[in-house]
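Here is the structure we will look at, set down as structure tokens.
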Protein chains: 2
Amino acid sequence: MMSKKSMSTLERISFGEYVRSLRGKANLPLRKVAAELNIDTSTLSKIEKNERNANEQIIDGISRMFKIDQSELKVRYISDKITNQLLNEEDGLEILKIVEKKIKYYRRKKT
Amino acid sequence: MMSKKSMSTLERISFGEYVRSLRGKANLPLRKVAAELNIDTSTLSKIEKNERNANEQIIDGISRMFKIDQSELKVRYISDKITNQLLNEEDGLEILKIVEKKIKYYRRKKT
DNA sequence: ACTTCTTGGACATCATTTGTCCAAAAGTAA
DNA sequence: TTACTTTTGGACAAATGATGTCCAAGAAGT
């Protein structure tokens with residue numbers, strides 16, 4: 001049985017690093033991908049270095065371009081963001097547990 | 001054994017509602033608490049209705065005023081925020097699991 | 001060297017948040 | 001009801017943060 005604590009290499013890399021790796025495998029310059037996504041080359045560079053935010057439209061474009069699952073990519077993006085919010089919080093892990101309970105609670109109530 | 005899924009009443013209420021309940025128990029008007037916190041009455045009203053953000057300073061002030069644990073209050077605040085970010089995400093719970101792994105991973109690395 | 005790719009800074013613009021005030025609504029007690 | 005206090009929501013400017021765009025210089029490949 002796989003330990004819950006382990007992280008695959010894929011999970012370990014950040015959203016930006018992941019996008020860069022996709023682009024690398026496809027052997028495409030920033031220029032081309034950025035054009036396809038209708039954003040500036042420089043902006044894409046920064047996204048890949050986690051210095052700029054992506055958004056829904058960009059994420060969708062990337063997933064279409066590289067034929068990867070859109071929600072997987074979104075999950076990567078959001079989980080990075082939240083990790084950054086909690087990484088320096090003393091009680092980060094406790095917060096996660098509470099959030100989990102809250103989400104489950106509200107979902108049960110609302111659906 | 002207590003189910004992991006259960007939520008105490010205290011956990012169920014929002015940050016704002018909690019602050020309001022503290023103020024209610026102490027029987028203090030917004031005016032007085034806001035003055036103590038150096039914020040506008042209106043702002044505090046909105047914080048209690050979760051329509052405005054609190055911040056570190058305000059959270060600290062509230063915990064001092066009502067003699068409650070400062071990190072507990074902070075945990076409440078942040079967990080509310082993150083819950084709101086994830087509540088409407090299809091993959092919210094999956095994201096939480098990944099965040100947990102990431103935090104554990106980075107903490108192991110960095111400390 | 002020449003060319004292409006990548007990066008970082010500058011900048012205006014746009015969006016969001018904050019602090020503040022005020023008037024009206026809601027509540028309390030005479 | 002009237003008088004008083006508390007609470008709310010809207011409006012607004014100021015501050016802060018995000019976005020889009022351009023360009024020049026650094027890095028990498030030929």
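A quick note: this is a predicted structure, and the numbers were derived from the prediction, not measured. We name chains A, B, ... by the order of the sequence lines, and we start the count at 1 in each one.
The pair B/R23-B/E48 meets the salt-bridge criterion, with a side-chain N (NZ, NE, NH1 or NH2) lying under 4.0 Å from an Asp/Glu carboxylate O. Salt bridge absent: A/D60 and A/K74 never bring a charged side-chain N and a carboxylate O closer than 4.0 Å.
A 4.5 Å side-chain heavy-atom check between B/I13 and B/R76 finds at least one atom pair inside the cut-off. Looking only at side-chain heavy atoms (C-beta outward), A/V99 and B/I78 stay at 4.5 Å or farther from each other.
Few gaps surround CD on B/E51; more than 12 heavy atoms of other groups in view lie less than 6.0 Å from it. Other residues, nucleotides and ligands contribute at most 12 non-hydrogen atoms within 6.0 Å of the CD atom of A/E90.
Between the side chain of B/E17 and the backbone N or O of B/S14, at least one donor-acceptor pair lies under 3.5 Å. Counting only distance, with no hydrogens or angles, the side chain of B/D69 and the backbone of B/E72 share a donor-acceptor pair below 3.5 Å.
Rounded to whole Å, the distance from CG on B/D40 to P on D/dT7 is 13 Å. In this structure, B/I39 atom CD1 and D/dT7 atom P are separated by 13 Å, rounded to whole Å. Protein atom CG of B/L37 is 16 Å distant from nucleotide atom C1' of C/dT20, rounded to whole Å. Here the C1' atom of nucleotide D/dT21 and the CG atom of A/N38 are 14 Å apart, to the nearest Å. Between the NZ atom of A/K32 and the C1' atom of C/dT4 there is a distance of 12 Å, rounded to whole Å. Summarising the geometry, the separation between CG on B/L44 and P on D/dG9 is reported as 14 Å, rounded to the nearest angstrom.
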| request: Evaluate side-chain contact (heavy atoms from CB on, under 4.5 Å) for A/N53 paired with A/K81, printing each intermediate quantity in order. | output: CA-CA 9 Å; A/N53 291 330; A/K81 293 231 116 180; 2.5 Å; yes

| field | Intermediate values then yes/no, side-chain contact (heavy atoms from CB on, under 4.5 Å), A/E100 and A/K97 | value | CA-CA 5 Å; A/E100 185 185 348; A/K97 292 300 173 217; 4.3 Å; yes

| said: Could you go through A/N55 and A/I59, starting from their C-alpha distance and side-chain angles, then the distance that decides it, and tell me whether this counts as side-chain contact (heavy atoms from CB on, under 4.5 Å)? | reply: CA-CA 6 Å; A/N55 60 34; A/I59 292 173; over 6 Å; no

| task | Apply side-chain contact (heavy atoms from CB on, under 4.5 Å) to the pair B/K102 and A/D80, showing each step before the final yes or no. | result | CA-CA 8 Å; B/K102 288 193 181 191; A/D80 266 25; 2.3 Å; yes

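For the segment residues 47-65 of chain B, the set of residues with a heavy atom within less than 4.0 Å of an atom of DNA chain C comprises B/R52, B/N53, in numerical order. Taking every heavy atom of residues 23-30 of chain A and every atom of DNA chain C, pairs under 4.0 Å involve A/R23, A/P29, A/L30, by number.
Within the structure, ring-ring contact (aromatic ring centres under 6.0 Å, His included) contacts touching residues 45-88 of chain B (residues at least two apart or in different chains) are B/F15-B/Y77.
Taking 3.5 Å as the limit, the base of D/dG20 and the side chain of A/S42 contain no donor-acceptor pair of atoms between them. Counting atom types as modelled, A/K46 pairs a side-chain N or O with a base atom of C/dG9 as donor and acceptor under 3.5 Å.
Regarding contacts with the backbone of D/dT8, a side-chain N or O of B/R20 is found under 4.0 angstrom from either OP1 or OP2. Side-chain nitrogen and oxygen atoms of B/S45 include at least one within less than 4.0 Å of the OP1 or OP2 phosphate oxygen of D/dT8.
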Name each donor-acceptor pair under 3.5 Å that joins a side chain in residues 33-47 of chain A to protein atoms two or more places apart or in another chain, with its distance.
{"from": "A/D40", "atom 1": "OD2", "to": "A/S42", "atom 2": "N", "distance (Å)": "2.9"}
{"from": "A/S42", "atom 1": "OG", "to": "A/K46", "atom 2": "NZ", "distance (Å)": "3.0"}

Protein-nucleotides 26-30 of chain C N/O pairs closer than 3.5 Å?
none

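When the C1' atoms of four end pairs are superposed on the next four at each end of the helix from C/dT6-D/dA25 to C/dA30-D/dT1, using five pairs per end, the two resulting axes differ in direction by 30°, to 10°.
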